[in-house]
Amino acid sequence: MEQISVIIDCDTGIDDMVSFAVTLSSKKLNILGITTVAGNQKIDITTYNTLNGLALMGREDIPLARGEEKPLYRPLRDAGYIHGNGGLGEYYFKNPTSKQPDKLDAVHFIYETLMKSEEKVVILALAPLTNIAKLLMQYPEVKERIEKIIFMGGSIRSGNPTPVSTFNVLVDPEAARLVMKSGISFHMCPMDTTKDAYLTDEDIEHIGKINNPVAQMNYQLCKFYNDTVNKNNNAHNRFKGLCIHDLCTAVYLTNPELFTTVKYYGDVETKGELTTGFTMLDYEDILRKSDEEKNVTYINSVNRDGILKIYFETLKSFE
Ligand code: RIB
Ligand code: CA
């Protein structure tokens, strides 16, 4: 099978960690590296969590590079109120790995990896786009080597944590704008769609019955996430269950047949009084942009049953 070469950029983070169950064990992917960034938590924490996730899932062979500790031009606003002080709720690694990040930082690691790769590489971006924006600012020539960027974030309708902005864009809107308008094929898995890939309370209990360390970690993570999202995000009004945003986005890479897409012209609000981080998507074609100018492949539907089947089967495979 021809594998997809990919670099994963993340801010681990509960749903980042949940998504690793699928990506790290997928035979369809050739994961060239994982890079971390500040987002859900500070960079030391997202890096520690990712290193230990790789160890727990038996993938310490994948290099990890530590990325940016703050957004391009703003202070970090983290999501500790959702993901907890350690970024993984009340889950703590019993025997932390001694493995350290690569000697290169994320920007230089991605640059070197792209330049060495014989195939074009997909970037799966599950976090604020700071690392990727810095890469493109410093090394614009790498654009030719990137097949596409698949990004979790943005929306037409659903905001979180503000009514109109999603976390991964709000944290670093200038980075999101730069990447979205870079000319690289940009696939957006928006909150409008990830909210349809939800777990019910019964689904979470089902995970709890799978008896291996990875599934048990996923169970604890989802339980905690469900509680904090319900407490802090008024989720009962808006969501049908627990939305695992990064898992949904990762499955778009491994199983695109479970999704549909449409092309829009898009941009990001960076200076709004009320709307900073809003992703403006011209879904009614008001601006009459040409097909070439439509820079966003917007993922507009997801097969929830298909995602859950893959997720549950993968968790069982760790037995
Ligand atoms: O809004 C959800 C997204 O923000 C997810 O990627 C989550 O991990 C956080 O980064
Ligand atoms: Ca994330």
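Both ligands and their constituent atoms are indexed starting at 1 by order of listing. In this text, all values refer to a predicted model and were calculated from it rather than measured experimentally.
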Q: Give the residue and atom name of whichever protein heavy atom lies nearest to atom 8 (O) of ligand 1, and the separation in Å to one decimal.
A: Asp15 OD1, 2.5 Å
Q) Among all protein non-hydrogen atoms, which one is nearest to atom 1 (O) of ligand 1, and what is the separation to 0.1 Å? A) Met191 CE, 3.4 Å
Q: Please report which non-hydrogen protein atom sits nearest to atom 2 (C) of ligand 1, along with the residue it belongs to and the distance in Å to one decimal place.
A: His245 CD2, 3.6 Å
Q) Can you tell me how far CD of Glu147 sits from CD of Glu119, rounded to the nearest 0.5 angstrom? A) 10.0 Å
Q: Among Asn40, Asp11, Asp78, find the residue that satisfies the side chain to side chain donor-acceptor pair (under 3.5 Å) test when tested with His83.
A: Asn40
Q | Nearest-0.5 Å distance that lies between atom CG in Leu32 and atom CD in Glu112 | A | 13.5 Å
Q.
Testing the 3.5 Å rule here: is there a donor-acceptor pair between the side chains of Thr200 and Asp203?
A. yes
Q: Nearest 10° is fine: what angle sits at the Ca ion (ligand 2) between OD1 from Asp16 and O from Leu126?
A: 140°
Q | Asp246 N/O under 3.5 Å from ligand 1 N/O | A | yes
Q: Answer yes if the side chains of Thr35 and Asp9 hold a donor-acceptor pair under 3.5 Å, and no otherwise.
A: yes
Q.
Any nitrogen or oxygen of Pro128, side chain or backbone, less than 3.5 Å from one on ligand 1?
A. no
Q: Report the part of Asn40 (side chain from C-beta onward, or backbone N, CA, C, O) that has a heavy atom under 4.0 Å from ligand 1; answer both or neither where that applies.
A: side chain
Q) Among the heavy atoms of Thr166, does any lie under 4.0 Å from an atom of ligand 1? A) no
Q. Nearest protein heavy-atom contact for atom 10 (O) of ligand 1: which residue, which atom, what distance?
A. Asn168 OD1, 2.8 Å
**Q.** Criterion side chain to side chain donor-acceptor pair (under 3.5 Å) against Tyr298, the qualifying member of Thr193, Thr261, Asp192
**A.** Asp192
